[in-house]
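Heads up: the structure comes next, in structure tokens.
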Amino acid sequence: MNIYAIVVLLALLGEYALHLTADLLNLRALRPELPSEFRDVYDAARYRRSQEYTRVRTRFGFLPATVELAALLAFWLAGGFRWLDDLLRGLGRGPIVTGLLFIAALVLAKVALGLPIGIYSTFGIEARFGFNKTTPRTFVLDHLKGLLLTVVLGVPLVAAVLWFFTAAGGYAWLWCWLATTAFSLVIHFVAPTWILPLFNRFTPLEAGELRDAVLAYARQVSFPLAGLFVIDGSRRSTKANAFFTGFGRHKRVALYDTLVASHSVPELVAVIAHEVGHYRRKHIVKSLVLGIAHAGVVFYLLSIFLTHAGLFAAFGIENPSVHAGLVFFGLLFAPLDLVLSFFLQRWSRKNELEADAFARETTGSGGPLAAALKKLSADNLSNLTPHPFYVALHHSHPPLRERVEALR
């Protein structure tokens with residue numbers, strides 16, 4: 001076992017231990033006393049149910065994490081990567097097709113491993129707590145559509161990366177970076193109109209008090225709101241949400257129908273003001289730029305490690321290849337990505353507070369947004385007392401109590 005194998009093994013075990021520690025601390029942070037500021041939306045029974053939901057989801061999360069780690073280690077230590085690589089090379093299909101088949105086989109194995117877990121999560125846990133509205137037919141169609149999108153969008157992109165590293169020499173990482181950047185930009189523009197409607201029905205918000213109030217707010221803040229839609233989120237879950245997506249004339253603000261059904265007009269306007277705040281504070285553009293920069297660093301480092309025979313030897317492969325290098329570098333890079341995630345999550349939480357502040361300033365009060373967030377928390381059985389370490393590791397949004405306090 002060489003240094004690369006040791007680093008990857010320690011990284012896998014360390015990440016598992018880190019997440020396990022965060023989950024256990026989060027369970028210990030649960031408090032039986034309902035925080036006084038949430039007594040207007042929680043009663044004792046709902047609060048107990050929210051804590052039980054946190055316990056059940058957290059404990060169930062131990063299973064997929066353990067199964068995935070055990071499967072990966074077993075496949076690795078049994079020589080699975082070498083066996084798969086030799087098998088596919090024996091087909092004589094060339095480096096690009098061989099690489100696509102190698103990566104596809106690993107992806108499909110992971111999907112197959114996670115499918116029973118996803119089924120139980122959806123039709124077991126979510127149904128038990130009254131959230132699931134997904135039918136078996138919708139569940140199957142969602143997975144088939146996701147697989148089709150992966151083939152249509154992912155295969156050409158991965159093929160391009162394999163080709164560049166095979167044929168473009170020392171600047172292959174730069175060409176890969178440019179290609180993935182162009183791909184990312186195109187997806188951001190076309191997703192609202194071509195991809196998202198494959199999974200949800202977007203219906204223009206009908207004329208009435210809510211639409212009038214939202215358009216009045218948009219005029220007040222000089223926001224060119226061309227698309228205001230309601231999503232049929234109730235087809236899959238009772239949980240509610242809202243989001244902003246797209247650029248230019250493809251911008252869309254979307255409200256889940258479950259959100260519209262359970263909130264007042266001022267609360268919904270405040271929610272939209274929060275989404276507009278992300279746009280006005282340039283969070284979406286900054287996130288895109290940060291993602292592009294991250295991809296550039298990853299491709300540059302990949303170009304270096306593809307030449308290190310020790311990385312391939314760590315997984316039992318004697319003949320280095322680009323496709324195997326992509327997979328193995330992903331495992332090697334995981335510890336650094338985990339460290340970066342702490343900073344990215346913190347930055348995301350800061351952005352959420354900025355969007356909240358924008359909503360408070362432009363609507364004249366933080367009350368409606370605070371009320372909406374509290375209702376969402378109660379409806380979604382959110383954990384009101386997450387452990388700080390769990391928040392640092394997992395939360396892209398600040399804890400609800402912090403957001404409500406800031407809005408006050």
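Bear in mind the structure is a predicted one, so any value in this text is a computation, not a measurement.
- With hydrogens and angles disregarded, a donor-acceptor distance shorter than 3.5 Å links the side chain of Y42 to the backbone of S377.
- Using a 4.5 Å heavy-atom threshold, the side chains of L301 and F329 count as touching.
- Below 30°, between 30° and 60°, or above 60°: for Y120 and F60 the angle between ring planes is between 30° and 60°, a tilted geometry.
- The shortest distance between side-chain heavy atoms of Y279 and V253 does not fall below 4.5 Å.
- R235 places no side-chain N or O within 3.5 Å of a backbone atom of R201 that could act as its donor or acceptor partner.
- The aromatic ring centroids of F139 and F123 lie less than 6.0 Å from each other.
- Counting only distance, with no hydrogens or angles, the side chain of K374 and the backbone of E37 share a donor-acceptor pair below 3.5 Å.
- When each of W83, F81, F315 is tested with F75 by the rule ring-ring contact (aromatic ring centres under 6.0 Å, His included), just one qualifies, namely F81.
- For residues 137-158, every residue pair satisfying the salt bridge (Lys or Arg N to Asp or Glu O under 4.0 Å) rule, not counting sequence neighbours, is listed here: D142-R236.
- For E361 and R281, the salt-bridge test passes: some basic side-chain N is under 4.0 Å from an acidic carboxylate O.
- A salt bridge links R128 with E52: at least one charged nitrogen is closer than 4.0 Å to a carboxylate oxygen.
- The shortest side-chain heavy-atom distance between V8 and L12 falls under the 4.5 Å cut-off.
- Taking the ring centroids of F305 and F333, they lie at or beyond the 6.0 Å cut-off.
- For the ring-ring contact (aromatic ring centres under 6.0 Å, His included) test with W173, the passing option among Y300, F165, F164 is Y300; the others fail.
- Crowding of R55 atom CZ: a count of heavy atoms from other residues, nucleotides or ligands under 6.0 Å exceeding 12.
- Contact detail for A240 and N380: the closest heavy-atom pair is N-OD1, 3.7 Å.
- Side-chain atoms of N2 come within 3.5 Å of backbone N or O of Y4 as a donor-acceptor pair.
- N383 places a side-chain N or O within 3.5 Å of a backbone atom of T385 that can act as its donor or acceptor partner.
- Proximity of a side-chain donor or acceptor of S287 to a complementary backbone N or O of H283 within less than 3.5 Å is detected.
- A salt bridge (Lys or Arg N to Asp or Glu O under 4.0 Å) check over residues 13-29, counting only residues at least two apart or in different chains, returns nothing.
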